[in-house]
Participant: 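Handing you a structure now.
Here is the naming used below: chain letters follow the sequence lines, and residue numbers restart at 1 for every chain. Side chains are part of it too, since the values below use all heavy atoms of this structure and drop only hydrogens, waters and symmetry mates.
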Amino acid sequence: MTDTESLHDAILQWYDESARDLPWRVPADEWPWPEVDRPWAVLVSEVMLQQTPVARVEPVWRTWMQLWPTPAALAAASPGDAVREWGRLGYPRRALRLHAAATAITQEHEGVIPADMQQLQALPGIGSYTAAAVGAFAFGIRTTVVDVNVRRVEARLVTGAQHAAPSLTAAETRLAETLLPADDADATRWNVAVMELGALVCKATTPDCNACPVVAQCSWVLAGRPAHDGPRKKAQKWHGTDRQVRGKLLAVLREATAPVPRTELDIVWHDPGQRDRCLVSLIEDGLVEALPRERFRLPT
DNA sequence: TAGACGTGGTG
DNA sequence: TCACCAAGTCT
């Protein structure tokens, strides 16, 4: 057995024993919700999981699947409903893009999620990662699924670096392709297994190397777990940013059941210039609709 | 291609 | 307390 094959065996076996039971991972032959379109369920989960922890996604995902079990169901709702049911997941433009994707799937693909990476990536809010994830997890397409977990695991395991590069590099993509098992069924499971290992064990700040099935082969551990020395991702600012103000404005509109007068939005932030700029940007983004007489609501 | 884009948990 | 982090995408 080659080194790569022993990695495959160890990580796939660890996944079988240690993976979380997540509803969007239930295989097609055991899918328990006949009215819910499984590729759609996978697609929605992947978009919700962008930059967002599993624990916060799961309840919202369940609500969405009840409300909108198919792309056509979501397309029949208003974009504002999607934004409201998005709740506090963050990055609410994802809700809008999901609604736009549902509309495109309904109108241009007869309501069927395309089992094709190019067509998937052409949908709003679906980039290279999500297209690959939906291709692999919904349709079993043989492809590499490279998220930040995979990049970090493979960086430590093979390259010996503590962290992945600040953004996806060609070298990381090549490495992921090199490590993909030859067997198609193994390849699909490998993608989710490496991701899960990164999420549960090979974590960014506090890796549990004791629990790692491949610690004996880990270049980073063998090198003495050296601290990172290259460029690191820049920390995001939050306090006082437009993102914070947009979040406060949208929170008011999400909770409202009737159009909201500007005076109710004025109280969420002290700086009128920034407040107005953010409201305008929300309207430009399609997240807010302006009505006559200085009233506002989520888009219909 | 950096930077914008939400939110809340954690050490 | 506060910086970092969580299955990225878009411009």
Participant: Under the side chain to side chain contact (heavy atoms under 4.5 Å, CB included) rule, what do Arg88(A) and Arg254(A) come out as? Steps first, then yes or no, please.
Facilitator: CA-CA 10 Å; Arg88(A) 308 185 69 78; Arg254(A) 263 201 319 263; 3.3 Å; yes
Participant: What contact category does Leu22(A) fall into here, base, sugar-phosphate, or nothing, at under 4.0 angstrom with non-hydrogen atoms?
Facilitator: base
Participant: Select base, sugar-phosphate, or nothing to describe what Arg277(A) touches, counting heavy atoms under 4.0 Å on all strands.
Facilitator: nothing
Participant: With heavy atoms under 4.0 Å as the rule, sort Gly90(A) into base, sugar-phosphate or nothing.
Facilitator: base
Participant: Identify whether any heavy atom of Leu89(A) sits under 4.0 Å from a base atom; if not, whether one sits that close to sugar-phosphate; answer base, sugar-phosphate or nothing.
Facilitator: base
Participant: Just to be sure I understand the rule, does Arg25(A) reach a base, reach only the sugar-phosphate, or reach nothing, if contact means heavy atoms closer than 4.0 Å?
Facilitator: base
Participant: Sticking with atom P, work out how far dG3(B) lies from dA7(C), rounded to a whole angstrom.
Facilitator: 23 Å
Participant: Categorize Trp24(A) for me: base, sugar-phosphate, or nothing, with a 4.0 angstrom heavy-atom threshold over every strand shown.
Facilitator: base
Participant: Need one value for Val148(A): base, sugar-phosphate or nothing, where a base atom within 4.0 Å counts as base even if backbone is also close, heavy atoms only.
Facilitator: sugar-phosphate
Participant: Describe the nucleic acid contact of Gln244(A) in one word from base, sugar-phosphate, nothing, applying a heavy-atom distance below 4.0 Å.
Facilitator: nothing
Participant: Under 4.0 angstrom, heavy atoms only, what part of the nucleic acid is Ser128(A) near: base, sugar-phosphate, or nothing?
Facilitator: sugar-phosphate
Participant: When all nucleic acid strands are considered with a 4.0 Å heavy-atom cut-off, which category describes Ala55(A): base, sugar-phosphate, or nothing?
Facilitator: nothing
Participant: Below 3.5 Å, does any donor atom in the side chain of Thr206(A) face an acceptor in the base of dG11(B), or the other way round?
Facilitator: no
Participant: Within the structure provided, determine whether Leu180(A) and Asn191(A) are in side-chain contact (heavy-atom separation under 4.5 Å).
Facilitator: yes
Participant: Looking across every strand, which nucleic acid part, if any, lies under 4.0 Å from Thr205(A) by heavy atom: base, sugar-phosphate, or nothing?
Facilitator: sugar-phosphate
Participant: For residues Glu196(A) and Ser18(A), is any side-chain donor paired with an opposing acceptor at under 3.5 Å?
Facilitator: no
Participant: Does any donor atom in the side chain of Gln50(A) or Glu46(A) lie under 3.5 Å from an acceptor atom in the other side chain?
Facilitator: no
Participant: Any chance you could measure Leu43(A), atom CG, to Leu120(A), atom CG, to the nearest 0.5 Å?
Facilitator: 7.0 Å
Participant: Looking at every strand, decide which applies to Asp285(A) at a 4.0 Å heavy-atom threshold: base, sugar-phosphate, or nothing.
Facilitator: nothing
Participant: Closer to the 5' end of DNA chain C via nearest nucleotide, is it Asp147(A) or Arg97(A)?
Facilitator: Asp147(A)
Participant: Report which part of the nucleic acid Ser45(A) touches: base, sugar-phosphate, or nothing (heavy-atom distance under 4.0 Å, all strands).
Facilitator: nothing
Participant: Taking atom P in both dT11(C) and dG6(B), what distance in whole Å separates the two?
Facilitator: 14 Å
Participant: Checking only heavy atoms, does the side chain of Arg56(A) share a donor-acceptor pair with the base of dT7(B) at less than 3.5 Å?
Facilitator: yes
Participant: Name the nucleic acid region contacted by Ala235(A), choosing base, sugar-phosphate or nothing; use a 4.0 angstrom heavy-atom cut-off, strictly under.
Facilitator: sugar-phosphate
